Amino acid sequence: MHMTSSFPLSRGRFAPSPTGAIHLGNVWTALLAWLDVRQGGGAFVLRMEDLDPDRSRAYYAAQLVDDLRWLGLDWDEGPDVGGPYVPYAQNERRSCYADALSILKQHDLVYHCYCTRAEVREAASAPHGLAPREFCPHRCWQLSMREQQAREVSGRRPCVRIRIPDGTPEIVFDDLCRGPQSEKLMQVAGDFVLRRADGVHAYQLAVVVDDGLMAINRVVRGADLLDSTARQIWLHQVLGYPPPEFAHVPLLVDPEGHRLSKRQAALAISALRARGTRPTTIIGWLAAWAGLIPAHEEVRPVDLVGLLDLRQLQRHDITVDTDTLC
Ligand code: GLU
């Protein structure tokens, strides 16, 4: 008899923002997230995080698909291949975020905040240490409907913030790379923004709605996002999605300790391609930095399946000798 396993297959994702040419740092995360899923025989999702219309460009999205394929990575669901949870680009998923906001509103968990960025910045830098909710200096969470209307008439456009209820328990989770974590949401994050004043949904909302609706259960991403995770776990819980497991992998940094970024044009995959660097050479660098192979050699992603142990990855940033690569 054929037995089916009740253990859910992993569903992981890579969720780049197409705001520049992808570089070694992005591909590092993509490779580790891809290996994590491929080792478990699960499904890998490519999701385009192109929410911000001011910074996202369609040609970067097209280029990153091409660069990832050239490197030997593939995905089971994504903007170019479709899948059961279409669409896979955030700018086509705005109605999902609006629906989530309506649910939160029904639970009285959101409010309009009319404070300007400058006011919030000023409140946050107050010397006597405010709780994050006080970063909204006009105490917008207390405004009556009439007071809100008065502010609308004065021409101020509000952002939408979550209202973290008093008594919300500490968020505790076990990061697959970094071990046990905990955060008191109200003390650290406060009533964070879910929709900006210009109407664009915030990353924190969109990422949770997408991971939730796409049934993502493994999130492997850069350690720079560790401090967003408690907020996201809590939002998952509030919206009724089972939170995924998280693994925050170390960042690649240059010899000065700066995170590799889209500003370092020489480390863009397109620039390396143009110089004749082979995809197997690039994957070899990443694999050696991750300790998957003892020293650099030419490898394909598929050669590395089975070698990644997230719990064995080092926790500190990995310095890349950028001069020797370019
Ligand atoms: N879009 C984010 C980035 O490119 C990643 C978000 C995530 O993985 O949760 O850094």
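What you are looking at is a predicted structure, and each value in this text was computed from that prediction instead of being measured. Only heavy atoms go into these numbers, but all of them, side chains included; no hydrogens, no water, no symmetry mates. Each ligand, and each atom within it, is numbered from 1 in the order the structure gives.
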Does Asp74 come within less than 4.0 Å of Arg38, counting only side-chain N to carboxylate O? yes
Does this structure show an ion pair linking Arg69 with Asp80, if we count only N-O contacts that are shorter than 4.0 Å? yes
By side-chain contact (heavy atoms from CB on, under 4.5 Å), Ala215 pairs with (sequence neighbours left out) Arg11, Tyr85
Quick one: ligand 1 N/O to protein N/O pairs below 3.5 Å?
| residue | atom | partner | partner atom | Å |
| --- | --- | --- | --- | --- |
| ligand 1 | 1 (N) | Ala15 | O | 2.8 |
| ligand 1 | 1 (N) | Ser17 | OG | 2.9 |
| ligand 1 | 1 (N) | Glu49 | OE1 | 2.7 |
| ligand 1 | 4 (O) | Ser17 | N | 3.4 |
| ligand 1 | 4 (O) | Ser17 | OG | 3.3 |
| ligand 1 | 8 (O) | Arg13 | NH1 | 2.6 |
| ligand 1 | 9 (O) | Arg13 | NH2 | 3.0 |
| ligand 1 | 9 (O) | Tyr203 | OH | 2.7 |
| ligand 1 | 9 (O) | Arg221 | NH1 | 2.8 |

May I ask you to list the residues sharing a hydrophobic cluster with Leu143, side-chain cutoff 4.5 Å, ordered by chain and number? Tyr114
Does one side chain, of His258 or Glu256, offer a donor that lies under 3.5 Å from an acceptor on the other? no
Qualifying residues under salt bridge (charged side-chain N to carboxylate O under 4.0 Å, His left out), relative to Asp210, sequence neighbours excluded: Arg47, Arg93
